[in-house]
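Worksheet: one structure, shown below.
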There are 2 protein chains.
Amino acid sequence: MAGRKNQNAELRKPEILEGYYSVLIEEGLEGTSISKIAKHLGIHPSLILHYFKNKDNLRLALIELMISKYKSKHLIEFDHIEDPAERFTLLMDTIFSYKWSRTVDPGVHFGFYYQSFRNKNVSELFREMFCWLRDYLCQQFVIYNREGIIQVNDVKTAADFIVTLMEGLEFHAQFLGQDQPFDSFAEKAKKSALVVLKNHTL
Amino acid sequence: MAGRKNQNAELRKPEILEGYYSVLIEEGLEGTSISKIAKHLGIHPSLILHYFKNKDNLRLALIELMISKYKSKHLIEFDHIEDPAERFTLLMDTIFSYKWSRTVDPGVHFGFYYQSFRNKNVSELFREMFCWLRDYLCQQFVIYNREGIIQVNDVKTAADFIVTLMEGLEFHAQFLGQDQPFDSFAEKAKKSALVVLKNHTL
DNA sequence: GTAAGTTAATTGAATGGTCAGTAAATATTA
DNA sequence: TAATATTTACTGACCATTCAATTAACTTAC
């Protein structure tokens, strides 16, 4: 080993999570081990366990990091847009955009999705994330409803519908989106969503 | 070992796949090994490799079996319904039903979804399955359009939209459907889909 | 119709590899 | 000196896969 760094926890932990994320993208869930992450980072495997105690903690830490990125990356922009109509348009444009769908590497995203079926902690984190997004939309939809920008009877169901469609888009991109770019179909899905939101359908 | 069965490939292979499926449900993708499947079936691990050569073949065989179940289980019913309007209603009811969503154990379903990101063969099988469903819907939508049951401009996009929404429902059930039964939200999603299909939206 | 020959089903035992995790030793910093 | 960072060396478990041996069932010939 060239040089020993002797950093502290504050610096090492995120560095390890970054490495974990990279290896995850390259090797997938099953191909990722503590040894491989260590090799990727040029450190000893035991050091990872020193900081995260076990693999499950490591995984949860990464998921928490991903979710915080997911939360912060896009939505902050919306708060300082005064005009509700303008904010609504941007919100919908964002949610149905390619950039939004790639906030986290889709392979990694799906991998953790899958693990949520067997790992209660993972499942809870994802549930919180989706509820957070749903509730944000809810709260916004109340405003848009009041302003006459949309017409929905049940804001919670409407928000659920948008999230559902948004997640379905990931599937579409993976399996049915071969012959057209993501944005092309996403735009049509968005238009359909708008029809539903403006029709007292939900 | 109690009794040796001495069956032949015709009987053994599906038996092994059934065992594989069971272990997969109980233990998940990462917890499933050839040894465990063998133990579950009361046979020797080598026998599994004798029939399927390696683990990847085993996996592909199971996926193919699942897909054929998926294809055959529901859609056959539709063909002998003469009245298009009646067939359309039943088709939509089926696609947005709990029963349909549970054709395959959702944990296993998601697991293979995930693997499609890294395994070209898996990805191709899933793509074929979704395209098959999409194309079936396409072909039906042409008829319904002609009969005035729906009003869509682009049947392919409309079919894509329905599949997208259908897949999104799986997510919803997993993460946002805690406080209501599947059918409750699925019904609302279906109503929204109907609005889109009857509005020249797509 | 029974013995020999052939094939397929099944097991046994072993291989090399990787895995997560532990406990203790060494190095660095403050 | 005390605390933290990092490495070393090791464990036991499990993994997919291989190869050779064994057993049962079927085929053919006499």
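Quick note on labels: first sequence line is chain A, next is B, and so on, each numbered from 1. Quantities reported herein were computed from a predicted structural model and do not represent experimental measurements.
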Please report, to 0.1 Å, the donor-acceptor pairs under 3.5 Å made by any side chain of residues 154-162 of chain A, with sequence neighbours excluded.
unit_1   : atom_1 : unit_2   : atom_2 : d
A:Asp154 : OD1    : A:Lys156 : N      : 3.1
A:Asp154 : OD1    : A:Thr157 : N      : 3.4
A:Asp154 : OD2    : A:Thr157 : OG1    : 2.6
A:Lys156 : NZ     : B:Asp179 : OD2    : 3.0
A:Asp160 : OD1    : A:Arg134 : NH1    : 2.7
A:Asp160 : OD2    : A:Arg134 : NH1    : 3.4
A:Asp160 : OD2    : B:His172 : NE2    : 2.8

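For A:Tyr51, no side-chain nitrogen or oxygen approaches OP1 or OP2 of D:dT4 to under 4.0 Å. Of the side-chain N and O atoms in A:His50, none sit less than 4.0 angstrom from OP1 or OP2 of D:dT6. Applying the 4.0 Å criterion to OP1 and OP2 of C:dA8, one finds that B:Arg12 has every side-chain N and O outside that range. For the pair B:His44 and C:dT10, the criterion of a side-chain N or O lying under 4.0 Å from OP1 or OP2 is not met.
Straight-line distance from the CD1 atom of B:Ile37 to the P atom of D:dA16: 8 Å, rounded to whole Å. Rounded to whole Å, atom P of D:dC14 lies 12 Å from atom CD of B:Glu27. Straight-line distance from the NZ atom of A:Lys53 to the P atom of C:dA23: 12 Å, rounded to whole Å. Nucleotide D:dT18 holds its C1' atom 12 Å from the CD1 atom of B:Ile34, rounded to whole Å. Rounded to whole angstrom, the span from the CG atom of A:Leu47 across to the P atom of C:dT28 amounts to 14 Å. Taking atom CD on A:Glu30 and atom P on C:dT18, their separation rounds to 16 Å, with Å as the unit. Straight-line distance from the NZ atom of B:Lys39 to the P atom of D:dA16: 12 Å, rounded to whole Å. Regarding A:Ile43, its CD1 atom lies at a distance of 13 Å from the P atom of D:dT8, rounded to whole Å.
Between A:Phe117 and A:Phe126, the distance separating the two ring centers is not shorter than 6.0 angstrom.
Applying the salt bridge (Lys or Arg N to Asp or Glu O under 4.0 Å) rule to A:Glu30 yields no partners; only residues at least two apart in sequence or on another chain are considered.
Here the shortest heavy-atom pairing between A:Ile149 and A:Gln151 reads C-NE2, 4.3 Å.
With C:dT11, C:dG21, D:dT7 as the candidates, the nucleotide lying closest to the side chain of A:Lys55 is C:dG21.
Nearest-nucleotide assignment on DNA chain C puts the 5′-proximal partner with B:Ser46, out of A:Ser35 and B:Ser46.
For the pair B:Gln115/B:Arg59, a side-chain contact is recorded, criterion being any heavy-atom separation below 4.5 Å from C-beta on.
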